[in-house]
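What you see is a predicted model; the values in this text were computed from it and never measured. Numbered from 1 within each chain, the chains take letters A, B, ... in sequence-line order.
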2 protein chains.
Amino acid sequence: MDAPKISRETVLDTAMRIVEEHGLAALSMRRLAAELGVAVTGIYWHVGNREVLIGRLVERVVGRLGDITAAGSTPEQRILAVGHRLRRLIHDHPHMIALVYEHGQTALMMLPAERALAQEVGAAGLQGTAGAQAVRAVLHHVVGYVLLERAVSQSPEQHPSAAELWEGEAGADAALAQALSAPFDPDRLFELSLSALVRGLLMG
Amino acid sequence: MDAPKISRETVLDTAMRIVEEHGLAALSMRRLAAELGVAVTGIYWHVGNREVLIGRLVERVVGRLGDITAAGSTPEQRILAVGHRLRRLIHDHPHMIALVYEHGQTALMMLPAERALAQEVGAAGLQGTAGAQAVRAVLHHVVGYVLLERAVSQSPEQHPSAAELWEGEAGADAALAQALSAPFDPDRLFELSLSALVRGLLMG
DNA sequence: ACCTGAACACCGTTCAAGT
DNA sequence: ACCTGAACACCGTTCAAGT
């Protein structure tokens, strides 16, 4: 046997695959070693320990994020398009985003979208601090929405108490209470809330 | 020795204290047992296992959330006030909120604020589905913002690459790029983005 | 009813030893 | 340079046994 059995790259590759398929909790050093066909301790020569291994994974994910580009004719449409693409990007890699989030690298992950938004916000006429705040407001809204979305959709069941809570309402609020006790479409809510935010931002 | 050394209540009490002070990761059955002055296995008689123990903690946190009330003269002001109070509530119990979030009970946690918002949104003239969507948009914006805020503030350092990224910009965007490379005040951004969202929602 | 102790199957990590 | 094996200090959980 001459060539090394594993390398830092192969370790990262299969670690990445485990996280993508089964989540971070499934990434144990022993399982990783088993899938690599090596003794547990063999890993430690290539990556220092589990913490730095995860750090390298985060770097990879962030580094491989492609650019985000706008689309549409008006600045408002183009800002919305960036928001939708960022949301889509996060949705497509749930485990990896969780990884980045839990290691406090979310700000880095948002950079491509931030660039795209800066351009469109500038085109919409917002300069300097006002423009920066608009960019950040949209960014925070989108990423925050997706983070929350993940939690709510994970929710074991539509809690019965949630529906019951709105039953006793009377008068003009009855229709509102009724509507709140029904399930909702997260795509529509995202669309609606983001466009409301952008409208509010663009009018100063 | 006649009276039991521990009860389900005392187990939950000290488990809660550990999580509040040191986070969920610090809650091990063995540490819990040690702090209770009992053998590890003694815990299992009172709460089935670690999973159901955490489930009970989540129930407690959710059950102990007080009401959220509005304040201010105009509907817009009162909606903003609810948003600020919800954010404050979450900020005040970071570990517990993380607990609720990671166990998919965030929707339940938002109920008090949802009630308060429903009332104010109704008073602002939004009924039925439109009102429900406005309530949910504000709710998602606030909670999402705080979730993201936690991640970004956890971020080890203001990444140098973030600042460098904006250096080469030219022309009218220079001021915007400059503003984006500077740190920002999360309180101000929250205030600004929430009020923009509410403005956008109230104007249909 | 309430608690202990031994035992099992897992972890991450270190370190001397092998090739 | 690269990998193994033994060992250590942790986990959560089960179960027979004690009182």
Nearest heavy-atom approach of Ala196(A) to Leu201(B) is CB-CD2, 3.7 Å

Has Arg136(A) got a side-chain atom pairing as donor or acceptor with Gly131(A)'s backbone, closer than 3.5 angstrom? no

Sugar-phosphate or base contact per nucleotide [nucleotides 8-19 of chain C; S, B, -; heavy atom under 4.0 Å]: ---BBBBB----

According to the Watson-Crick and G-U wobble definitions, with both distances under 3.5 Å, which nucleotide is paired to dA1(C)? dT19(D)

Near Glu21(A) CD, under 6.0 Å, is it more than 12 heavy atoms from other residues, nucleotides or ligands? yes

Does the pair Arg188(B)/Glu191(B) count as a salt bridge with the N-to-O cut at 4.0 Å? no

With a 3.5 Å cut-off and no angle check, do the side chains of His46(B) and Glu9(B) form a donor-acceptor pair? no

How close or far is atom P of dA1(C) from atom NE2 of His46(B), stated in whole angstroms? 12 Å

Does the structure place the NZ or CZ of Arg87(A) under 6.0 Å from the centre of the six-membered ring of Phe190(A), at an angle of no more than 45° from the ring's axis? yes

Could you tell me which nucleotide pairs with dA6(C) by Watson-Crick or G-U wobble geometry, both distances under 3.5 Å, or answer none if nothing does? dT14(D)

Ile6(A) CD1 to dC2(D) C1', in whole Å, measures 9 Å

Without decimals, in angstroms, what is the distance between Ile43(A) CD1 and dC3(D) P? 11 Å

